[in-house]
Amino acid sequence: MDKVPMTAEGHSAMMIEVKHLKTVERPRIIKAIEEARAHGDLSENAEYHAAKEQQGWTEARVAELEDKLSRAEIIDISKLSGDTVMFGAKVTLIDEETDEKTAYQIVGEFEADVKKGKISVSSPIARAIIGKRKGDSVEVNTPGGGKSYEIAKVAWR
């Protein structure tokens, strides 16, 4: 079984989601199924089928999260430093064509959220910049074509 790298923050968020699904969503869904059963014939009972579908989704999500948590390799980024890009680093990139600055933190695959500036360690950009240093230029193959970036800053906090 492969280890799943993640930050302590990502691990905590997964634990909170599992707790919510088990303590809030499960009981709510069970109640919805009970109420739908009380309406009688289950074969044409839309509420029953919707609740059962939601129950299946919730149980699958709990299983998925628990699997990832059991394989988690929590990387304490507060103990990392230096100017080389690696997991947990907050990297500022400058698009060499437009001079536009973009900042990303490299995180685990399951905690990535581009809107929050967090990219997966397995993303094309992260793979291109890992191991590089401030001042290096990198070529990234994106769905829209190749892009060139300069690494302007590597930070850890």
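All residue numbers refer to positions in the sequence shown, counting from 1. Small disclaimer: the values here were computed from a predicted structure and weren't measured.
Contact check on Asp113 versus Lys118 returns no salt bridge, with no Lys/Arg side-chain nitrogen under 4.0 Å from an Asp/Glu carboxylate oxygen. Salt bridge status for Arg28 with Glu25: present, with a side-chain N to carboxylate O gap under 4.0 Å. Salt bridge Glu59/Arg26: present, at least one basic N to carboxylate O contact under 4.0 Å. Under the 4.0 Å criterion applied to side-chain N and carboxylate O atoms, Arg37 and Glu34 are not assigned as salt-bridge partners.
The nearest pair of heavy atoms linking Ile33 to Ala51 is CG1-CB, 3.6 Å. Closest non-hydrogen pair, Arg127 versus Ser122, comes out as NH1-O, 2.8 Å. Between Arg71 and Asp67 the shortest heavy-atom distance is NH2-OD2, 3.0 Å. The minimum heavy-atom distance between Ala128 and Val138, with the atom names listed, is O-CG1, 3.6 Å. Val154 and Ala89 make their closest contact through CG1-CB, 4.2 Å (heavy atoms, listed as atom of the first residue, atom of the second, distance). Closest heavy-atom contact between Thr23 and Pro27: O-CG, 3.3 Å.
The structure places NZ of Lys101 at 5.0 Å from CD1 of Ile94, a figure rounded to the nearest 0.5 Å. Distance check, rounded to the nearest 0.5 Å: NZ of Lys134 to CD of Glu150 gives 9.5 Å. The structure places NZ of Lys3 at 11.0 Å from CD1 of Ile75, a figure rounded to the nearest 0.5 Å. Expressed to the nearest 0.5 Å, how far CD1 of Ile29 lies from CG of Leu21 amounts to 8.0 Å. Between the NZ atom of Lys52 and the OH atom of Tyr48 there is a distance of 4.5 Å, given to the nearest 0.5 Å. Between the CD atom in Glu9 and the CD atom in Glu111 there is a gap of 7.0 Å [rounded to 0.5 Å].
When the shell of 6.0 Å around CD of Glu53 is examined, it contains 12 or fewer heavy atoms from other residues, nucleotides or ligands.
At distances below 3.5 Å, not a single donor-acceptor pair connects side-chain atoms of Trp156 with backbone N or O atoms of Ile77. When atom types are taken as modelled, the side chain of Arg133 and the backbone of Asp83 share no donor-acceptor pair closer than 3.5 angstrom. Judged purely by atom type and a 3.5 angstrom limit, Ser12 has no side-chain atom pairing as donor or acceptor with the backbone of Ala8. Put simply, the side chain of Gln105 gets close to the backbone of Gly88: a donor and an acceptor are under 3.5 Å apart.
Linking Ile, Leu, Val, Met, Phe, Trp and Tyr residues whenever their side-chain heavy atoms come within less than 4.5 Å places Val62 and Met14 in a single cluster. Under the 4.5 Å side-chain contact rule for hydrophobic residues, Val4 and Met15 share a cluster. Using a 4.5 Å cut-off between side-chain heavy atoms of Ile, Leu, Val, Met, Phe, Trp and Tyr, with links allowed through other members, Ile129 and Val121 fall into the same hydrophobic cluster. With hydrophobic clusters built from ILVMFWY side chains whose heavy atoms lie under 4.5 angstrom apart, Val114 shares a cluster with Val91.
Ser148 and Glu139 share a donor-acceptor pair across their side chains, judged by distance under 3.5 Å alone.
Checking Leu93, Asp95, Ile125 one by one against Lys147, the side chain to side chain contact (heavy atoms under 4.5 Å, CB included) holds for a single residue, Asp95.
Ile106 places none of its side-chain heavy atoms less than 4.5 Å from the side chain of Met86. The shortest distance between side-chain heavy atoms of Phe87 and Ile130 does not fall below 4.5 Å. Contact of the Pro124 side chain with the Val140 side chain is registered, since non-hydrogen atoms from C-beta on lie closer than 4.5 Å.
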